[in-house]
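Note that the structure is predicted; figures quoted are calculated from it, not measured. Numbers here simply count residues along the sequence, with the first being 1.
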Amino acid sequence: AVTDLNEWNPEVENTLTAFLNEKFAEGEVAVFNAEGTLWKEDVGEGFLHWLIENRKLVGVDYQKDIYAGYEKMCKEDIAKCYAYAAQVMKGLKEQDVKEWSAYYFQNYCVDKIFPMQQKLIALLETQDIAVWIVSASPQWIVEAGAEVLGVQKDHVIGISLEVENGILTDQIIEPMTYRQGKVEAIQKHIQKQPIFVSGSSMTDYEMLVYSKRLRLVINPK
């Protein structure tokens with residue numbers, strides 16, 4: 001029986017405990033958003049800031065305030081700015097981006113993880129519920145976080161770019177994991193409606209509603 005959930009408020013603890021003590025059919029799936037759901041702050045934005053600060057990007061004008069331009073874009077069109085956070089990596093070697101993502105997460109983000117969510121992931125997996133992460137952040141930084149959380153990298157769906165000869169292009173692989181695109185990504189890649197979804201904001205709304213059983217909202221915005 002699952003009882004080790006006493007860090008949650010009593011209502012959430014009771015709901016999660018009852019849920020985790022059910023008998024589940026084989027092959028059920030749980031899906032988590034990343035930013036604000038598995039860890040505090042926006043790790044994807046932090047990584048973008050780090051890439052700019054360390055002059056890792058190519059084909060950008062460092063005479064301009066690139067991050068300020070990104071923030072301005074986010075105020076005008078959130079979907080466009082999420083796409084840009086990945087597309088700005090055009091021209092980089094994918095392997096470099098993977099290595100930098102792992103370095104950044106290990107050195108700057110491990111203490112941002114919500115321990116209660118990490119424990120919940122472990123409990124779901126002991127019930128043979130496959131855990132996935134679906135995020136509007138770039139694929140590589142979410143994969144780095146997934147590794148720390150004990151989630152398989154091939155169970156991460158973030159914003160991805162087409163790769164040619166090991167080099168990132170600016171072509172986003174559809175569906176883009178933003179709002180309804182998160183549901184479409186689940187349908188395309190997981191091909192199973194989840195029994196549990198956890199999110200933190202209105203950009204997770206469509207994915208939360210798509211859960212056929214339980215929805216857990218963290219620090220809702």
Ionic contact status for [Y] with [X], cut-off 4.0 Å:
X      : Y      : result
Lys119 : Glu7   : yes
Glu28  : Lys212 : yes
Lys72  : Glu76  : yes
Arg213 : Glu22  : yes
Lys153 : Glu147 : yes

Within 45° of the six-membered ring axis of Tyr62 and under 6.0 Å from that ring's centre, is NZ or CZ of Arg55 located there?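 Pair Arg55/Tyr62 counts as cation-pi.
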Mark yes when over 12 heavy atoms from residues, nucleotides or ligands other than Lys56 sit less than 6.0 Å from its NZ; otherwise mark no.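 Above 12, so yes.
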Taking the six-membered ring for Trp, is the centroid-to-centroid distance between Phe105 and Trp39 below 6.0 Å?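 Distance test on ring centres: under 6.0 Å, yes.
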Using the benzene-type ring in the case of Trp, are the ring centres of Phe24 and Phe196 under 6.0 Å apart?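 Ring centroids of Phe24 and Phe196 are no less than 6.0 Å from each other.
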Which atoms form the tightest heavy-atom contact between Tyr70 and Ala85, and what is the distance?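 Heavy atoms only, the tightest pair is CE1-CB, 4.0 Å.
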Any donor-acceptor pair under 3.5 Å linking the side-chain atoms of [Y] with those of [X]?
X      : Y      : value
Trp132 : Gln152 : no
Gln95  : Glu99  : yes
Glu143 : Gln139 : yes

Could you check whether any side-chain heavy atom of [X] comes within less than 4.5 Å of a side-chain heavy atom of [Y], counting everything from C-beta outward?
X      : Y      : result
Tyr104 : Asn54  : no
Phe47  : Pro138 : no
Gln87  : Ile172 : yes
Ile218 : Leu38  : no
Asn33  : Ser198 : no

His49: what forms a ring pair (Phe, Tyr, Trp, His ring centres under 6.0 Å) with it, not counting sequence neighbours?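 Per chain and number, His49 pairs via ring pair (Phe, Tyr, Trp, His ring centres under 6.0 Å) with Tyr67.
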Should Glu35 and Ser137 be marked as a side-chain hydrogen bond (donor to acceptor under 3.5 Å, both in side chains) after you check the CA-CA gap, both sets of side-chain angles, and the distance that decides it? CA-CA 8 Å; Glu35 315 293 0; Ser137 287; 2.5 Å; yes
Apply the test side chain to side chain contact (heavy atoms under 4.5 Å, CB included) to residues Ile157 and Ile190: give CA-CA distance (whole Å), side-chain angles for both, the deciding distance (0.1 Å), then the verdict. CA-CA 9 Å; Ile157 311 168; Ile190 307 176; 4.0 Å; yes
Steps toward side chain to side chain contact (heavy atoms under 4.5 Å, CB included) verdict (Leu16, Val12): CA-CA 6 Å; Leu16 287 174; Val12 176; 3.6 Å; yes
